[in-house]
Amino acid sequence: MTTFASITSLLAEQAIELPSWAFGNSGTRFKVFSTPGTPRTPEEKIADAAQVNKHTGLAPTVALHIPWDKVDNYAALGAFANDHGVALGTINSNTFQDDDYKFGSLTHSDPVIRQKAIDHHYECIDIMDATGSRDLKIWLADGTNYPGQQNLRARQDRLADSLAHIYARIGDIQRLVLEYKFFEPAFYHTDVPDWGTSYAQVTALGERAMVCLDTGHHAPGTNIEFIVMQLLRLGKLGSFDFNSRFYADDDLIVGAADPFQLFRILHEVIRGGGYGEGSPVAFMLDQCHNVEDKIPGQIRSVLNVQEMTARALLVDTAALDAAQNTGDVLGANGILMDAFYTDVRPVLAAWRETRGLPGDPMAAYAASGYQARIATDRVGGVQAGWGA
Ligand code: PSV
Ligand code: MN
C-alpha cells in the first residue's frame with residue numbers, strides 16, 4: 001500500500017498554469033454575463049491569478065492569449081507578474097477572430113493571408129523572448145463546413161509549410177505545441193482534428209514541437225487516457241489544456257463533470273513519466289467561468305487536479321503490475337479503484353498547513369475579502385471578455 005507520506009514530495013512539485021482568459025467574462029453564443037470585479041487589463045487578470053497561487057501554492061504561472069493580452073511592454077508585464085509572486089507562461093496565438101481568417105489561417109489558399117497568420121506567430125515568438133516563456137501554443141479554428149468546400153489535402157500541405165516557417169523561428173529552449181480539436185467552429189472538418197494529425201505535423205517539425213491535449217476536444221466516449229499513454233510513449237505529449245465537458249467543448253471546471261476520467265488520465269500521466277519537475281508535460285487549465293465567480297472557480301480547478309493527482313500517486317503500482325501480469329482482472333481493477341476511492345482531502349488539508357498554506361483554500365479566499373474589494377475598486381473601464 002502506498003502511503004500519503006511517501007507521495008508528498010511529488011505533490012510538492014505540482015505546477016498548474018492558469019489561463020488569463022479564465023478571469024475575463026465569457027459565455028455562450030447566447031449571452032456573456034458580466035461579473036462585478038472582472039479585470040479590465042492584463043495586469044488585473046494577473047493579479048487575480050496570483051490570488052489562486054497565494055491560496056494554493058499550485059499555480060505559479062499564467063498563460064497569455066495574443067491579442068487579448070496585448071501590452072506595450074511585455075518585460076514590464078513579466079516584472080508585474082513577478083511582483084505578484086507569479087510568472088508569465090505559455091503564449092497562445094489567435095488566428096480565429098479576424099475577418100481575413102474566415103476561410104482559414106495557416107491553411108489558407110491565399111499566400112498573403114497565410115503570411116499574415118505566420119507573421120502573427122512571429123510576433124508571439126517575439127513576445128515569448130521578452131517574457132521568457134517556453135511554449136508557443138497554437139490552436140487553429142481552420143476547417144470547413146461543407147463537403148467539397150476545400151481541398152483537404154492541399155490545406156494539410158499548406159499547414160505543414162506554415163508550421164515549418166514558425167518552427168524555424170522557435171528558440172533553442174522554446175517549444176511549439178499544436179492543439180487539436182475535432183470540431184468547432186468548423187463542423188464538417190477541422191484541419192487539426194485529432195492527436196494523430198497533430199502528432200504527424202509536429203513530428204515533421206522536430207523535437208521541440210509537441211502535441212497539446214485539451215481534454216474537452218474529443219468525441220463523447222473517447223478513451224482520453226489511451227491517447228495520453230500513446231503520446232507519452234511516443235515522447236510527444238507537450239501539454240494539457242485541462243477542463244471538463246458534458247457535451248462538447250464545455251470548458252467547465254476540470255474534474256467537475258467526470259472526476260474518474262481525470263483520475264484515469266493522471267494515472268497514465270504518472271505511469272508514463274509525464275509527471276513532475278523533470279517532465280516535458282505542462283499542466284494548464286483552459287476554462288471559462290460563465291456563471292460562477294472566476295477566482296474561486298480557478299481555485300476549485302487546481303484543487304481538483306491536486307486531489308486526483310494525489311489519488312493517482314497512491315496507486316500501488318507494484319501490486320497493480322503483479323495483478324496485471326498474472327491475469328488477475330478484478331484484482332487489478334480493485335487496486336486502481338482503491339486509490340480512486342481514497343478520500344485525500346483531509347490529509348491534503350493538513351499537509352497544506354505544514355507548508356504555510358491554508359488547509360481550505362476556498363474558505364481562505366472567501367474570508368480574504370479580495371472578491372468584495374475588486375468589486376468595489378474595479379468600477380469603470382471595459383471588463384475583459386472573451387475576445388478582449
Ligand atoms: C479552442 O477551443 C481552445 O481550446 C484553444 O486552446 C483556444 O486558445 C482556447 O480554447 C481559447 O478559448
Ligand atoms: Mn484549449
Side-chain angles (χ1 to χ4, degrees), residues 16-29 32 39 42 45 49 61-70 89-98 101 104-106 117 120-121 123-124 127-128 133 135-143 166 175-187 189-195 197-198 202 210-219 222 224 227-228 231 237-254 257 262 265 281-290 294 297-298 301 305 384-388:
I16 304 159
E17 187 160 300
L18 306 185
S20 67
W21 53 101
F23 299 94
N25 291 324
S26 55
T28 65
R29 64 198 167 93
V32 173
K45 294 182 200 174
T61 56
V62 188
L64 303 183
H65 218 297
I66 306 297
W68 300 344
D69 296 313
K70 256 188 155 172
T90 302
I91 301 298
N92 291 256
S93 65
N94 179 330
T95 55
F96 49 87
Q97 291 181 306
D98 186 307
Y101 301 136
S105 62
L106 296 181
H120 168 65
H121 288 87
E123 182 193 350
C124 288
I127 293 170
M128 291 164 70
S133 302
D135 289 349
L136 170 66
K137 179 147 70 71
I138 304 177
W139 170 72
L140 301 172
D142 296 36
I166 297 166
R175 312 189 306 174
L176 180 161
V177 289
L178 181 63
E179 181 173 349
Y180 60 91
K181 180 173 180 177
F182 76 123
F183 88 109
E184 197 200 29
F187 295 112
H189 105 281
T190 56
D191 290 294
V192 190
D194 48 34
W195 75 267
T197 304
S198 178
V202 297
M210 315 275 279
V211 177
C212 171
L213 187 158
D214 183 313
T215 49
H217 290 186
H218 305 84
T222 300
I224 297 175
I227 299 171
V228 169
L231 286 171
L237 182 59
S239 58
F240 278 104
D241 269 6
F242 280 120
N243 51 56
S244 66
R245 71 192 289 275
F246 288 101
Y247 298 103
D249 186 24
D250 304 351
D251 281 341
L252 298 174
I253 288 173
V254 56
L262 179 58
I265 289 171
V281 182
F283 281 25
M284 288 183 286
L285 303 183
D286 179 9
Q287 294 181 182
C288 295
H289 303 290
N290 301 346
K294 300 158 202 320
Q298 290 282 286
S301 305
V305 176
W386 198 84

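Keep in mind that this is a model prediction, so the values were computed, not measured. Start at 1 and go down the list; that is how both ligands and their atoms are numbered. Below, all heavy atoms of this structure are taken into account, side chains as well, without hydrogens, waters or symmetry copies.
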Point to revise | Working for side-chain contact (heavy atoms from CB on, under 4.5 Å), residues Gln298 and His289 | key: CA-CA 9 Å; Gln298 290 282 286; His289 303 290; 2.8 Å; yes

Practice item. Might you work through the side-chain contact (heavy atoms from CB on, under 4.5 Å) test for Leu106 and Ile166, ending with a clear yes or no? Key: CA-CA 10 Å; Leu106 296 181; Ile166 297 166; 3.9 Å; yes

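In this comparison of Asp286, Asp251, Asn92, Leu140, the heavy atom closest to atom 3 (C) of ligand 1 sits on Asp286.
Distances between N or O atoms of His65 and those of ligand 1 include at least one value under 3.5 Å. Residue-to-ligand polar distances place His217 within reach of ligand 1: an N/O pair is separated by less than 3.5 Å. Looking at Asp214 next to ligand 1, an N or O pair under 3.5 Å apart turns up.
Take the N/O/S atoms of Asp214: the one nearest the Mn ion (ligand 2) is OD2. No other N/O/S atom of Asp241 lies as close to the Mn ion (ligand 2) as OD2 does. Residue Glu179 approaches the Mn ion (ligand 2) most closely through its N/O/S atom OE2. Shortest distance from the Mn ion (ligand 2) to Asp286 is reached at OD2 (N/O/S atoms only).
Between Lys181 and Glu179 there is no side-chain heavy-atom pair separated by less than 4.5 Å. Counting only heavy atoms from C-beta outward, the side chains of Thr215 and Val254 never approach each other to under 4.5 Å. Annotation: side chain of Phe240 is not in contact with side chain of Glu17 (no heavy-atom distance under 4.5 Å).
Nearest protein heavy-atom contact of atom 5 (C) of ligand 1 is Glu179 OE2, 3.4 Å. Looking from atom 12 (O) of ligand 1 to the surrounding protein, the closest heavy atom is Trp386 NE1, 3.4 Å.
If you look at Asp241 next to ligand 1, the close heavy atoms, those under 4.0 Å, all belong to the side chain. Residue contacts with ligand 1, taken as heavy atom pairs separated by less than 4.0 Å, involve Asp249 solely via side-chain atoms from C-beta onward. For Glu184, no heavy-atom contact with ligand 1 is shorter than 4.0 Å.
Going from atom OG of Ser301 over to atom CD1 of Ile16 covers 9.0 Å, rounded to the nearest 0.5 Å.
Relative ring orientation between His217 and Trp139 is described as tilted, the plane-to-plane angle lying within the 30° to 60° band. In this structure, Phe187 and Phe183 have tilted ring planes: the angle between them lies in the 30° to 60° band.
Checking Asp249 against the Mn ion (ligand 2), every N/O/S atom stays at or beyond the 2.8 Å cut-off.
Test Ile224, Val177, Asp241 against Leu213 for side-chain contact (heavy atoms from CB on, under 4.5 Å) and you get one pass: Ile224.
A donor-acceptor contact closer than 3.5 angstrom links the side chains of Trp21 and Asp286.
Near Lys137, meaning under 4.0 Å from one of its heavy atoms, ligand 1 places the atoms 6 (O).
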